[in-house]
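Both ligands and their constituent atoms are indexed starting at 1 by order of listing. All values derive from a computational prediction rather than experimental measurement.
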Amino acid sequence: MDAIKFRAPEKSDGAAVWELIAHSGSLDQNSLYCNLLQCSHFAPTCVLAERNDNVVGWLSGYVPPQQPDTYFVWQICVDAETRGQGLAQRLLRQALARDACQGVRRVECTITRDNTASWALFVGLARDLGAVIQSELHFDRQKDFRDRHASEHLVSIGPFCPDRVDRLHAA
Ligand SMILES: CC(C)(COP(=O)(O)OP(=O)(O)OC[C@H]1O[C@@H](n2cnc3c(N)ncnc32)[C@H](O)[C@@H]1OP(=O)(O)O)[C@@H](O)C(=O)NCCC(=O)NCCS
């Protein structure tokens, strides 16, 4: 884990991010164009983790314009060999410590019911931030996805104090 470096993405990282997600085994594959936008327009709120110049972790997220106190996690992905070592938690802490997230007091994401690792990740984040976690149906399989995708549940963590983020980032 010590050999892992965290940084904001650059446009030239888009293709490597696309490949990491393609190999994730469970994430929706966005277009490469979408990943390029994330690595450019959304770079201040996205985090790349690399080891020996290889991308081993990725977090895309943004602060929704209509919810300036919220960091919304779009996708988070750790390569299969590096899972279970705390990298996803560190990606989230890196994002929350960014200047672009200084006004953030909540974290949101959507998760399908069967994604055990993802639920464990966000339950752990809520615990570490000392915050309440709630969930409710958000994008419905029938109504919203027209049976093309499992229902997504909106997970909301917060509110939390900014000093909890500082302490986590320093840990
Ligand atoms: C979800 C994912 C990002 C987690 O990455 P990770 O680096 O292995 O997670 P961490 O090691 O930081 O673990 C975070 C917490 O989740 C728990 N956890 C991780 N994987 C787990 C699993 N498969 N089953 C149960 N708990 C799990 C850890 O024990 C840890 O709990 P703790 O905080 O109580 O110690 C990774 O499994 C992944 O890339 N999955 C495929 C993509 C995906 O589904 N992304 C989420 C939807 S966008």
Identify, for atom 18 (N) of ligand 1, the protein heavy atom at the shortest distance, and state residue, atom and that distance.
Ala120 CB, 3.8 Å
Over all heavy atoms of both residues, which pair between Tyr71 and Cys101 is shortest? Give the atoms and the distance, please.
CD1-SG, 3.6 Å
Per-residue contact class, Ser26 against ligand 1 - non-hydrogen pairs under 4.0 Å:
side chain
Between Val78 and ligand 1, is there a nitrogen or oxygen pair with a distance under 3.5 Å?
yes
Using a strict 4.0 Å cut-off to heavy atoms of Gly84, name the atoms of ligand 1 that fall inside it.
6 (P), 8 (O), 11 (O)
Selected option - heavy-atom contact closest to atom 35 (O) of ligand 1, from Arg127, Arg93, Gln85:
Arg127
Evaluate the 4.0 Å heavy atom contact test for atom 33 (O) of ligand 1: does a protein atom fall under the cut-off?
yes
Distance in Å, Ile76 CD1 paired with Ser118 OG, rounded so as to fall on 0.5 Å steps:
8.0 Å
Report yes if Cys77 has an N/O atom closer than 3.5 Å to an N/O atom of ligand 1; otherwise report no.
no
Compute the shortest N/O to N/O distance between Gly124 and ligand 1 and return yes if it is under 3.5 Å, no if not.
no
Donor-acceptor pair between Thr112 and Asn115 side chains, under 3.5 angstrom
no
Can you say whether the rings of Phe139 and Phe145 are parallel (under 30°), tilted (30 to 60°) or perpendicular (over 60°)?
perpendicular
Would you compute the distance between atom CG of Asn35 and atom CH2 of Trp18 and round it to the nearest 0.5 angstrom?
8.5 Å
Verify the neighbour count for atom NE2 of His149: are there more than 12 heavy atoms of other residues, nucleotides or ligands below 6.0 Å?
yes
To the nearest 0.5 Å, what is the distance between CG on Leu129 and CZ on Arg106?
12.0 Å
Can you list the ligand 1 atoms lying under 4.0 Å from a non-hydrogen atom of Ala88?
3 (C), 4 (C), 5 (O), 6 (P), 7 (O), 9 (O), 12 (O)
Can you check atom 27 (C) of ligand 1: any protein non-hydrogen atom closer than 4.0 Å?
yes
Flag side-chain contact, heavy atom, 4.5 Å: Cys34 against Trp74:
yes
If we count only non-hydrogen protein atoms and require a distance under 4.0 Å, does atom 13 (O) of ligand 1 qualify as touching the protein?
no
What protein heavy atom is closest to atom 45 (N) of ligand 1, reported as residue, atom name and distance in Å?
Ile76 O, 2.8 Å
The protein heavy atom nearest to atom 24 (N) of ligand 1 is Thr116 CG2, 4.0 Å
Applying the 4.5 Å side-chain criterion to the ILVMFWY set and letting contacts propagate, would Leu137 and Val123 be lumped into a single cluster?
no
Would you kindly specify which portion of Leu121 sits under 4.0 Å from ligand 1, judged on non-hydrogen atoms: side chain, backbone, both or neither?
both
Tell me which one of Ala80, Ala126, Ser118 gets a heavy atom nearest to atom 46 (C) of ligand 1.
Ser118
Closest non-hydrogen protein atom to atom 11 (O) of ligand 1, residue and atom name please, with distance?
Gly86 N, 2.7 Å
Which residue supplies the protein heavy atom nearest to atom 23 (N) of ligand 1, what is that atom called, and how far is it?
Ala117 CB, 3.6 Å
Identify which one of Arg93, Arg167, Arg164 satisfies the salt bridge (Lys or Arg N to Asp or Glu O under 4.0 Å) criterion when paired with Asp128.
Arg93
N/O separation below 3.5 Å, Gln89 to ligand 1:
yes
I need the Arg127 CZ to Phe122 CZ distance, nearest 0.5 Å.
13.5 Å
One thing to verify: whether Asp13 and Arg7 come together as a salt bridge, which I'm taking to mean a side-chain N less than 4.0 angstrom from a carboxylate O.
yes
Report yes if Asn115 has an N/O atom closer than 3.5 Å to an N/O atom of ligand 1; otherwise report no.
yes
Between atom CZ of Phe72 and atom OH of Tyr62, what is the distance when rounded to the nearest 0.5 Å?
5.0 Å
For atom 30 (C) of ligand 1, state whether the nearest protein heavy atom is under 4.0 Å away.
no
Around atom 40 (N) of ligand 1, find the nearest protein heavy atom and jot down its residue, atom name and distance.
Arg83 CZ, 3.7 Å
